[in-house]
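Worksheet for the structure shown next.
We count residues from 1, following the sequence as given. Note that ligands are numbered from 1 as they come in the structure, with each ligand's atoms numbered from 1 the same way. Predicted model, so just to flag it, every value in this text is computed and none were measured.
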Amino acid sequence: MSDSRQAGDLGRIEQVHARRVWDSRGRPTVEAEVTVATGRAPGRVVGRAIVPAGASKGRREALELRDGGGPFGGLDVQRAVGHVNGEIARALAGMPAGDQAAIDARLIELDGTPNKQRLGANATLAASMAAAQAAAAAAGRPLYEHLAHGIGGPGEVPRLPPLLPLPQIQIFGGGAHAGRRVDIQDFMVMCPGAASFAQALEWTAEVYRHAGVLMRERGAAAGVADEGGWWPAFDSNEQALTALVQAIERAGFTPGEQVAIALDIAASDFGEHGRYRLGLDGRELTSDGLIELLLRWCERYPIASIEDPLAEDDLEAFARFTQAVGARVQVVGDDLLVSDAALVRAAAGRGAANTVLLKPNQRGTLTETWQCWQAARAAGYAGIVSARSGETEDTTIVDLAIGWGVGQLKVGSFARSERMAKWNAALRIEQRLGAASRFAGASVLGRNPPAQ
Ligand code: 2PG
Ligand code: MG
């Protein structure tokens, strides 16, 4: 079956409609619905998607359009909603629902700026994801299955077998997600020893529970940060690492083997121009000072993955850090790479990072996110599909992770339903696949040089 026949077979976009809804921080965000006329029973299907919002954003991310002014702290999205209901709805009407590449190309062309400055990436991504949801509904398939050819269709990309991701799950929040109570943003666990996605969740549930008990024993209130991780009541950044190892042990697991640590340093949030200020530790470090500190942590603690160890403007130091630990620790670029194919190629050329974080709203369309993943694979990088700190019940990214076989998924902690909706969605897919399900396990972790 040719691309065009398959795309045409799914029907045509009849209507695109957006509304303002609310995210997990109680802030406005954009929801879009795409209606497709299928030309056969039941006649019409609707796909829906909601966009998330970050707090610790990379400077080169696509623009999230906010209204400014008085209401909701200037964060309203009526202009972005208006763009979907006006220009975008008109531009997409009549397009073949199955041709995601053409739909996204139209959105990019319509916006006409390098960073979605005109329409807003929140407007374009809502339409892009809702169109994919509608196409999957028209095909009568789950989204991960519909996306199994990536974006481009049969003939361009061989069908990818679905892959259940190794999850990165936050235990303690920090940084911009916890009022800067500690400097490091995410203290997470991964379960390289788990045999299935379901088992990785079971193990994490025990670690999360024990971490909560530990915090109460230390006299800390059992509150949570933005992504559901325990509120970080620690006297130093390193104390959070000690507590995490303790929680893993109390839960009955071998640190490093069964359950390992993953960190998002989010260094752009506390450093630039090669100076880093660790407020909690009362220290200011140079790039090399920070590298030294992180290398020491890698020796002392069972750390398997580190994201944004250096700031987004510190590429050379990022490369030095990757050279030093990249063979045994996954080094992830988030703010550094902002899900951008060209930035991945440039970083790979310098040997900075060995893994890319993929956040569709950093670019504003599914096609550009897919292109970034393709560039990453070509460079020998691993990938992690990631949610944002401001999330909703939308689970589209789970299907991207599984359908595109990315191998890893990071959606925050093991609490709060905007997080659990995603873990639970993946669980359902694992069960539905049954014997056909494959779990990524530890083999997908980024390594530099890449494992052959
Ligand atoms: C990150 C994300 C998710 P934010 O830095 O990786 O944890 O945070 O959405 O605030 O950018
Ligand atoms: Mg990050």
Whether Asn115 side chain and Leu63 backbone form a donor-acceptor pair below 3.5 Å: no
With Asp23 via side chain to side chain contact (heavy atoms under 4.5 Å, CB included) - residues at least two apart: Arg25, Arg27, Thr29, Ala53, Thr392
Within the 4.0 Å heavy-atom sphere of ligand 1, strictly under, residues: Gly54, Ala55, Ser56, His177, Gln185, Asp186, Glu227, Asp264, Glu307, Asp334, Leu357, Lys359, Ala387, Arg388, Ser389, Lys410
Sum of protein N, O or S atoms, each under 2.8 Å from the Mg ion (ligand 2): 3
With sequence neighbours excluded, residues passing side chain to side chain contact (heavy atoms under 4.5 Å, CB included) with Ala421: Thr395
Distance, nearest 0.5 Å, that separates CG of Asp314 from CG of Asp335: 12.5 Å
Any donor-acceptor N/O pair, Arg66 side chain to Pro28 backbone, under 3.5 Å: yes
From CA spacing to verdict: side chain to side chain contact (heavy atoms under 4.5 Å, CB included), Arg59, Val338: CA-CA 8 Å; Arg59 257 182 249 154; Val338 292; over 6 Å; no
Carboxylate-amine/guanidinium contact Glu87 Arg118, below 4.0 Å: yes
Value rounded to 0.5 Å, distance of CD1 in Ile184 from CZ in Phe172: 14.0 Å
Under 3.5 Å side-chain donor-acceptor pair for Gln330 and Glu307: no
